[in-house]
Number of protein chains: 2
Amino acid sequence: MDAKEVLKAHVLKNTELTDEQFDYFFSLFELRKFKKGQVIISEGSLVDHEYFVIYGCLKSFFINEELKMFILQFAMPTWWASDFEALYNGTKAKIALDCISDAEVLCLSNANREKICREIHSVEHFFRWRTNKGYVASQKRLLSFMNNNVKFRYEELLKLYPELYNMVPKNLIAAYLGVSRETLSRLYHT
Amino acid sequence: MDAKEVLKAHVLKNTELTDEQFDYFFSLFELRKFKKGQVIISEGSLVDHEYFVIYGCLKSFFINEELKMFILQFAMPTWWASDFEALYNGTKAKIALDCISDAEVLCLSNANREKICREIHSVEHFFRWRTNKGYVASQKRLLSFMNNNVKFRYEELLKLYPELYNMVPKNLIAAYLGVSRETLSRLYHT
DNA sequence: CGGAAGGTGTGACCTACATCACATTTAAAA
DNA sequence: TTTTAAATGTGATGTAGGTCACACCTTCCG
């Protein structure tokens, strides 16, 4: 399935658009291919796009003063990623984004998103829906973080996204769970 | 300032609406007054409204099997609260909502929100904006949770919302920070 | 193909925070 | 105003997970 079809299926799941509307929507995206390890948003840069994953896996992450990395999201096909705070406020990126594997991504600029949201009511509806889903997921993750220990959270993550087990090295999984790689390793070995 | 003016100022900060549009929007809300301790959403119930705080302070929270409470949000004037997952999916509440102080709240039903979002493009825009803000805030909190210790998070919270210091008991602040009340107490005493 | 970098396992030890127990203070309710 | 419940402080002790150190093992690139 090509990029256009992937996006179309994703949007139509929740929003009704005519073919012409969707074609116009799609025309605002730019398809780009990235290599494993390639950086899409680097900390401190200006952010003017958000990214819809067609193929592969991205990570959005934060690195603190002690160079410890925290992963906010593993973005897999049909997921959206960016530093949304920087993107919406026009501030510099605190969250970086790069590729865990080779990836194919549809890029939408902030300006184009706002433009089409103004022009086509249904597209605004779609983005409301999308953001809402992200918000709910983020709240759930926060709650799980407060409530559950590492082992539980690890198994919860793998149950939700089994493909991560093979796709993503354990040290990155640890950075997502907010735990040291040693502790994660000791959950099943030792 | 009365409820209508509070909501109007809040909406107009980000969205243009004519007076007639706003009057219609406002007509879909019901103003309710609650007493301190009163429950608005109880765990397991069906959720069909979201709540815009005019006066006072609510908390949204989760209680786990061991009866430990985790607070997701202290909702103060101009904040929105509900169990948004249950509200959007029509499932039973996992998140409860009650009043920390006497409170005055504007209630909007899920059906009415969706209705007016369909009818008035700008209102849909407003809700997209609002949810986006919530999503960004939630991500930031998650990051702070992973990155910072209790003392830092406590001071960060008080800097952002100084009014909480007097308004909300420390055991609830602890439940928001995801820490035991004893540990919070020992930050400055002992 | 060979070397460098990235990823993983594991021991020894440390620390932030949890839990339990109980005393004291403050606030609400009768 | 008395009684009861909530909120808070503090000691003793337990534990999940962090940190540091080092070995080994892949993967990938020149």
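Note that this is a predicted model, so its numbers are computed, not measured. Just so it is clear: chains get the letters A, B, ... in the order the sequence lines come, proteins before strands, and each one is counted from 1.
Ring geometry, B:F127 versus B:F25: the interplanar angle exceeds 60°, so the pair is classed perpendicular (tilted spans 30 to 60°). The aromatic rings of A:F29 and A:W80 sit tilted, their planes meeting at an angle between 30° and 60°.
Mapped onto DNA chain C by nearest heavy atom, A:R186 and B:N149 fall at different nucleotides, with A:R186 at the one closer to the 5' end. Along DNA chain D, the nucleotide nearest A:R181 and the nucleotide nearest A:N148 are compared for position; the residue whose nucleotide lies closer to the 5' end is A:N148.
A:G37 comes within 4.0 angstrom of no nucleic acid atom, judged by non-hydrogen atoms across all strands. Here A:K36 lies in heavy-atom contact (under 4.0 Å) with sugar-phosphate atoms only. Contact annotation for B:K68: backbone-only contact, meaning every heavy-atom pair under 4.0 Å involves sugar-phosphate atoms and none involves a base.
The distance between atom CG of B:L184 and atom P of C:dC17, rounded to the nearest whole Å, is 11 Å. As a whole-Å value, the separation of A:E66 CD from D:dG18 C1' is 12 Å. Atom CG of B:L187 and atom C1' of D:dG9 are 13 Å apart (whole Å). Distance NZ (B:K151) to C1' (C:dT15): 16 Å, rounded to an integer number of Å. One can place OH of B:Y188 at 21 Å from P of D:dA7, the figure rounded to the nearest angstrom. Look at CE on B:M167: it is 17 Å from C1' on D:dA7, rounded to the nearest Å. Atom C1' of nucleotide C:dT8 and atom OH of A:Y154 are separated by 12 Å, given to the nearest angstrom. Taking atom CG on B:N147 and atom C1' on D:dG18, their separation rounds to 14 Å, with Å as the unit.
Of the candidate nucleotides C:dT10, D:dG17, C:dA18, C:dA18 has the atom nearest to the side chain of B:V179. Residue A:V150 places its side chain closer to D:dG17 than to any other of D:dG11, D:dG17, C:dG9. You'll find that the side chain of A:S180 is closest to D:dG18, out of C:dA18, D:dG18, C:dG11. The B:P169 side chain lies nearest to D:dA7 when the options are D:dA7, C:dG11, D:dG9. Residue B:T183 places its side chain closer to C:dA18 than to any other of C:dG7, D:dC28, C:dA18.
Neither OP1 nor OP2 of D:dA6 sits under 4.0 Å from any side-chain N or O of B:N171. Distances shown here put every side-chain N or O of A:K170 at or beyond 4.0 Å from the OP1 or OP2 atom of C:dG6.
Judged by the 6.0 Å distance and 45° axis criteria, B:K59 is positioned over the aromatic ring of B:F61. For the pair B:K33 and B:Y55, the NZ or CZ position fails the cation-pi test of under 6.0 Å to the six-membered ring centre and within 45 degrees of the ring normal.
The neighbour count for A:Q38 CD, taken as heavy atoms of other residues, nucleotides or ligands under 6.0 Å away, is above 12.
Cluster membership check: A:M146 does not share its hydrophobic cluster with B:F74, using side-chain heavy-atom separations under 4.5 Å among Ile, Leu, Val, Met, Phe, Trp and Tyr.
Between the side chain of B:E182 and the base of C:dC17 there is no donor-acceptor pair of N/O atoms closer than 3.5 Å.
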